[in-house]
Visitor: 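Questions regarding the structure given below will be posed in turn.
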Amino acid sequence: MQGCSVRSPFYRHNHCGLIIKRYAMSTFHIDYHGQLVPVSQESANTFLVALPNRPIMLVRKQDSDGADIWFEKDTDNETPETAELGTAIETKLAG
């Protein structure tokens with residue numbers, strides 16, 4: 001089943017080409033640049049953010065002072081974008 005038209009960070013394909021809904025701990029929306037963006041909490045510190053241009057998997061870690069730092073999965077540095085998304089997620093979870 002190549003060329004499937006379903007492209008969503010909230011769905012995945014299994015080895016037989018079937019579409020399976022991803023199950024998350026919780027799903028919510030954050031305000032990012034005036035647009036509501038869906039976020040799926042995959043684990044306590046992992047969040048799948050469905051940005052309009054691409055999905056991004058964020059991982060929350062703490063530095064030696066206990067401050068939260070937000071990384072894109074498989075990277076080792078916080079960017080302005082990941083920091084902004086992380087702050088929006090923290091605000092939503094605190095509210």
Side-chain angles (χ1 to χ4, degrees):
M1 252 184 132
Q2 293 182 354
C4 181
S5 63
V6 176
R7 293 189 58 169
S8 169
F10 299 104
Y11 293 87
R12 67 176 175 82
H13 297 270
N14 71 5
H15 66 280
C16 297
L18 299 174
I19 299 168
I20 301 171
K21 184 168 179 20
R22 296 174 59 115
Y23 290 95
M25 292 176 63
S26 66
T27 302
F28 53 91
H29 289 81
I30 59 171
D31 183 1
Y32 184 67
H33 295 268
Q35 187 171 13
L36 286 179
V37 175
V39 176
S40 174
Q41 185 172 5
E42 303 290 308
S43 70
N45 293 305
T46 306
F47 300 82
L48 179 61
V49 182
L51 294 176
N53 57 334
R54 69 181 175 100
I56 181 172
M57 184 71 74
L58 289 182
V59 178
R60 175 176 49 192
K61 298 180 183 177
Q62 288 191 336
D63 67 11
S64 59
D65 297 325
D68 286 339
I69 301 175
W70 293 86
F71 298 88
E72 187 168 358
K73 186 177 178 185
D74 300 326
T75 66
D76 61 356
N77 60 333
E78 184 176 59
T79 66
E81 179 183 44
T82 61
E84 186 177 356
L85 289 167
T87 299
I89 290 170
E90 290 172 350
T91 301
K92 182 67 174 187
L93 293 177

Visitor: How would you list, by chain and number, every residue that makes a salt bridge (charged side-chain N to carboxylate O under 4.0 Å, His left out) with E84, sequence neighbours excluded?
Guide: none
Visitor: If hydrophobic clusters are built by linking Ile, Leu, Val, Met, Phe, Trp and Tyr wherever their side-chain heavy atoms come under 4.5 Å apart, do L85 and V59 end up in the same one?
Guide: no
Visitor: Would you call I89 and V49 a side-chain contact if the rule is heavy atoms closer than 4.5 Å?
Guide: yes
Visitor: Tell me every residue that passes side chain to side chain donor-acceptor pair (under 3.5 Å) with T91, counting only those two or more places apart in sequence or in another chain.
Guide: none
Visitor: For T87, check side chain to side chain donor-acceptor pair (under 3.5 Å) against everything at least two apart and list the hits.
Guide: none
Visitor: With ILVMFWY side chains joined below 4.5 Å, transitively, what does I69's cluster contain besides itself?
Guide: F71
Visitor: So which heavy atom on L48 is nearest to which on P55, and how close?
Guide: CD1-CB, 4.3 Å
Visitor: For T79, does its backbone N or O pair with a side-chain atom of T82 as donor and acceptor, under 3.5 Å?
Guide: yes
Visitor: Show me the pairs that pass ring pair (Phe, Tyr, Trp, His ring centres under 6.0 Å) and involve residues 26-58, at least two apart or across chains.
Guide: F47-W70
Visitor: Quick one: are V39 and K92 in side-chain contact, heavy atoms under 4.5 Å?
Guide: no
Visitor: Does anything in residues 49-63 pair up under salt bridge (Lys or Arg N to Asp or Glu O under 4.0 Å), and if so which pairs, sequence neighbours excluded?
Guide: R54-E72, R54-E81
Visitor: Report the residues that fulfil side chain to side chain donor-acceptor pair (under 3.5 Å) with S64, sequence neighbours left out, ordered by chain and then residue number.
Guide: none
Visitor: Checking D31 now: which residues fulfil side chain to side chain donor-acceptor pair (under 3.5 Å) with it, not counting sequence neighbours?
Guide: none
Visitor: Looking at residues at least two apart in the chain, or sitting in another chain, which of them share a salt bridge (charged side-chain N to carboxylate O under 4.0 Å, His left out) with E78?
Guide: none
